[in-house]
Amino acid sequence: MVLDKFVDENVEVAFVYMPVWEMFFSMHVLADADHHLYRKRWAKRVCKKEPELVNRIIDMREVTDSWLFVIDSLEWSRMRQMEIEELLTYLRKKNIYQWNELLKHTGQKMDIAGRDAALEVIKEYYKRIFMREERLLRPYLTRIIQKETAQCRKKGIWQWCAGIHSRLLVEEDCVAYWKDREYRYQKENVHRIYATVSTFVNPHLWLYKGEGELEMVKEALTEQAKDEIPEKYVLVFKALGDPMRLRIVKLLMQGTLTTQEISKEIGISEAGVSKHLRILKEAGLVSKAMKGHYVEYHFLTEIIDFIPYTFYETMM
């Protein structure tokens with residue numbers, strides 16, 4: 001829903017309220033609640049009310065890119081202005097090939113049963129949790145967006161963008177985001193900016209780029225976070241703080257291996273290798289899959305890629 005639209009510095013600026021965006025990011029929060037300290041009390045309340053549904057959301061976080069697959073897809077520009085029920089109808093009409101096009105950027109694929117399971121989770125989550133949540137959020141966020149619109153008109157679009165996040169830098173000729181790496185976009189190539197606020201985005205810096213457009217999301221805090229460090233990050237650094245596990249990581253970065261193959265390479269027992277692999281898996285650094293009678297382990301490089309991002313995201 002477009003609340004205001006104007007042109008500033010040759011850029012079309014649209015301040016929008018996006019219920020679909022807010023819903024999927026709320027599912028993202030539930031999929032990894034420890035990471036989102038400013039929504040922890042909300043997540044705890046939802047988990048208490050609907051534990052089975054939340055477990056299904058958590059179980060599907062890998063295949064759905066932690067439930068960001070829709071709002072991070074190439075089709076998002078078509079869905080941005082949809083109401084949630086309209087979006088559900090849109091997704092239900094997609095055949096399995098079209099559905100997997102939505103997932104293409106994640107590297108994941110679903111079969112028909114997986115797609116139907118994901119659709120059922122989204123539908124049940126909306127019906128049982130987010131429908132009521134959205135009724136409360138809509139007037140609240142609408143008022144905040146209107147205030148931000150007034151600030152943007154006063155400051156100018158690029159100065160307003162500069163205040164969104166400490167890792168978003170607005171320079172003379174470009175906009176730079178720091179996430180897993182630096183992303184740069186030349187201002188002269190940006191013709192449209194969609195701007196909004198969210199109660200779920202913190203601590204993320206949201207990045208979405210379409211053809212000639214950027215999407216900017218500013219936080220709207222509803223909770224105060226305790227001064228604590230997410231357990232997930234503690235596990236990652238503990239897992240990497242052991243010389244033998246680093247040797248295993250080095251091997252797995254060269255390719256998928258079984259426990260037996262790792263044992264042979266580094267000269268310790270298979271039981272010892274299994275213990276180290278269990279710690280690496282608990283930290284989210286490796287995944288495993290059956291191949292015949294053997295279990296193969298694969299190193300998840302994206303966790304390492306995001307260490308600088310998650311470190312600054314947690315500490316700043």
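All values below come from the heavy atoms of this structure, side chains included, with hydrogens, waters and symmetry mates left out.
Remark: aromatic rings of F15 and W160 are close, center separation under 6.0 Å. Ring centroid separation for the pair F69 and W99 comes in under the 6.0 Å cut-off.
Put simply, NE2 on H276 and CZ on R247 are 10.0 Å apart, with the number rounded to the nearest 0.5 Å. Atoms CG and CD, from N189 and E211 in turn, are 9.5 Å apart once rounded to the nearest 0.5 Å. The CD1 atom of I279 sits 4.0 Å away from the CZ atom of R245 when rounded to the nearest 0.5 Å.
Side-chain atoms of E133 and V46, non-hydrogen and from C-beta on, never get closer than 4.5 Å to each other. In this structure, Y297 and V273 have side chains that are not in contact, with every pair of non-hydrogen atoms separated by 4.5 Å or more. K123 has its side chain out of reach of Y126: every pair of non-hydrogen atoms, C-beta onward, lies at least 4.5 Å apart. Between I193 and I157, the closest side-chain pair of non-hydrogen atoms falls below 4.5 Å. Side-chain contact between T196 and I145: present, with at least one pair of heavy atoms (C-beta onward) separated by less than 4.5 Å. Side-chain contact check for T64 versus M110: some heavy-atom pair is nearer than 4.5 Å. The shortest distance between side-chain heavy atoms of Q98 and N95 falls below 4.5 Å. Counting heavy atoms from C-beta outward, L168 and M216 have side chains that approach closer than 4.5 Å.
Remark: of the listed residues L30, L137, V217, L137 is the sole one forming a side chain to side chain contact (heavy atoms under 4.5 Å, CB included) with F200. F25 pairs in a ring pair (Phe, Tyr, Trp, His ring centres under 6.0 Å) with only one of the listed residues (F130, W67, W206), which is W206.
At a cut-off of 3.5 Å, with distance as the only test, a side-chain donor of S26 or Y125 sits close to an acceptor on the other residue.
Linking Ile, Leu, Val, Met, Phe, Trp and Tyr residues whenever their side-chain heavy atoms come within less than 4.5 Å leaves L169 and Y185 in two separate clusters.
Among pairs with a residue in residues 7-16, those fulfilling side-chain hydrogen bond (donor to acceptor under 3.5 Å, both in side chains) read E12-R192, at least two apart in sequence or across chains.
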